[in-house]
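Comments concern the structure below.
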Amino acid sequence: MKHWLVKTEPSVFSIDDLKKVKITLWDGVRNYQARNFLKSMKKGDLVLIYHSNDQPVGVAGMAEVFKEAYPDPTQFDKKSEYFDPASTKENPRWACPDLKYVDKFKRIVALQELREDPKLTNLILLKRGSRLSVTPVAADEFRRIVKLANG
DNA sequence: GCCAACGTTGGC
DNA sequence: GCCAACGTTGGC
């Protein structure tokens, strides 16, 4: 089983929203590297939910892969902000998995804490200039972050 | 709102 | 294939 981290702006879709709807398609990712990570997610993989553009920014909870990646419907929707005129049904460009709510952490594990933790120096999220919205997380890094969340 | 660090586009 | 211009992300 693999572990991942996905970013979301809580003003658009937060861990509370996920808790409410239980299962959601993780749509709108329009970056090839991030898409490739979404495509390699397997059912049952665990996913950290990271809140960006928030106060504070950090890891807010956990989800699991409920359904493996399939063509992202928003790429065909002319009314969607994620519409991609270059994408066809025969050869869809973008994909999304379904994620299922697992847990909202009792507290946010702030970006600053992640940076300051000596066990997390290799976290891809922290690599200089990494703006990827989907990144793999090593099993021990994942456990460490969950431990931080539980105080 | 600013701006660094990208990723993408398109002319050549 | 190069690279300048432009757009986006996301922390601060």
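Reminder, nothing fancy here: chain letters follow the sequence lines and each chain counts from 1.
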Notebook entry, point to check: Does A:Lys67 make a cation-pi contact with A:Tyr70 (under 6.0 Å, within 45 degrees of the axis)?
Noted result: yes

Hey, is A:Lys104 close enough to A:Asp16 for a salt bridge, meaning N to O under 4.0 Å?
->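 A salt bridge links A:Lys104 with A:Asp16.
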
Once base and sugar-phosphate atoms are separated, protein heavy atoms under 4.0 Å mark nucleotides 7-12 of chain C, 5' to 3', with B, S and - as -BBBBS

Ring center gap for A:Tyr32 and A:Trp94 short of 6.0 angstrom
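Yes, the ring centres sit under 6.0 Å apart.
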
Report task. State which residues pass ring-ring contact (aromatic ring centres under 6.0 Å, His included) with A:Phe76; sequence neighbours excluded, sorted by chain then number. Result ->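 In terms of ring-ring contact (aromatic ring centres under 6.0 Å, His included), with neighbours along the sequence ignored, A:Phe76 is linked to no residue.
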
| said: Looking at A:Glu113, is its backbone amide N or carbonyl O close enough to the side chain of A:Glu116 to form a donor-acceptor pair, meaning the two atoms are under 3.5 Å apart? | reply: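 Such a contact is absent between A:Glu116 side chain and A:Glu113 backbone.
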
